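Note sheet for the following structure.
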Amino acid sequence: MDSVPMRYLPIIVIEMILASALAIVLFWWDKRMATKNGKSQAEPSASSRRAQSPARRSQRISERTLLLVSLVGGWPGAWWASQRFRHKTQKRSFRIRFWIAATIHIAILAAWLSYAA
């Protein structure tokens with residue numbers, strides 16, 4: 001007998017692949033901008049950062065966005081990207097929140113898949 005959640009399994013897999021791809025791009029971009037900001041100036045003061053033109057400032061990706069993409073299914077790609085680009089690997093508070101988001105996603109997915117079983 002074909003259960004309803006199992007019919008949606010291919011859609012879930014595709015969603016996780018797309019979310020993981022997005023996570024990889026976001027981690028790569030954030031690492032790139034962090035490196036660019038770090039090399040272009042040594043510890044600028046807050047007033048000098050405000051004085052820079054918007055074109056010179058490099059836009060970073062917020063941790064909230066990185067965690068949200070992880071929560072909606074991009075955690076495998078986010079984990080891979082953080083290891084590959086060595087980004088956010090030393091920030092303990094981010095790593096804890098990342099694994100909480102991954103655990104929540106896995107728990108919701110497991111509960112949903114076992115609900116109809």
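Any value given below was found using the heavy atoms of this structure, including those in side chains, with hydrogens, waters and symmetry copies removed. Given the structure is predicted, the values throughout are model-derived calculations rather than measurements.
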Subject >> Point-to-point distance, once rounded to the nearest 0.5 Å, from CG of Leu66 to CG of Leu22 >> reply: 9.5 Å
Original post:
Going through the distances and angles, do Phe27 and Trp80 end up as a side chain to side chain contact (heavy atoms under 4.5 Å, CB included)?
Top reply: CA-CA 10 Å; Phe27 270 78; Trp80 180 85; over 6 Å; no
Original post:
Hey, any chance Trp28 and Met33 share a hydrophobic cluster, counting ILVMFWY side chains that come within less than 4.5 Å of each other, even indirectly?
Top reply: yes
Subject >> Nearest-0.5 Å distance, CH2 of residue Trp29 to CD of residue Gln59 >> reply: 9.5 Å
Subject >> Distance, nearest 0.5 Å, that separates OG1 of Thr89 from NE2 of His87 >> reply: 9.0 Å
Subject >> Any pair counted as salt bridge (charged side-chain N to carboxylate O under 4.0 Å, His left out), so long as it reaches residues 81-94, sequence neighbours left out >> reply: Glu63-Lys88, Glu63-Lys91
**OP:** Measure the CH2-CG distance between Trp99 and Leu67 for me, rounded to the nearest 0.5 Å.
**Re:** 12.5 Å
Original post:
Looking at Phe94, does the NZ or CZ of Arg97 lie under 6.0 angstrom from its six-membered ring centre and within 45 degrees of the ring axis?
Top reply: no
Original post:
Looking only at heavy atoms, what is the nearest atom pair of Ile61 and Leu26, with distance?
Top reply: CG1-O, 3.8 Å
Original post:
Between atom CG of Leu113 and atom CD1 of Ile108, what is the distance when rounded to the nearest 0.5 Å?
Top reply: 12.0 Å
Original post:
Which pairs pass salt bridge (charged side-chain N to carboxylate O under 4.0 Å, His left out) with one or both residues in residues 23-35, sequence neighbours excluded?
Top reply: Asp30-Arg60
Original post:
Looking at CD1 of Ile104 and CG of Leu109, how far apart are the two atoms once the value is rounded to the nearest 0.5 Å?
Top reply: 13.5 Å
Original post:
Which pair of heavy atoms, one from Pro76 and one from Met16, lies closest together, and at what distance?
Top reply: CG-CE, 3.9 Å
Subject >> Atom of Gly73, atom of His105 and distance for their closest heavy-atom approach >> reply: CA-NE2, 3.4 Å
Original post:
Is there a chain of hydrophobic side chains (I, L, V, M, F, W, Y, each step under 4.5 Å between heavy atoms) that links Ile96 to Ile106?
Top reply: no
Subject >> Ile17 with Leu71, same ILVMFWY side-chain cluster at under 4.5 Å >> reply: no
Subject >> Under 4.5 Å side-chain linkage, directly or through intermediates, the cluster mates of Ile14 >> reply: Leu18
Original post:
Would Ile12 and Trp79 show up in the same hydrophobic cluster when neighbours are defined by side-chain heavy atoms closer than 4.5 Å?
Top reply: yes
**OP:** Might you point out which heavy atoms bring Gly77 and Ala23 nearest each other, and give the distance in Å?
**Re:** C-CB, 4.2 Å
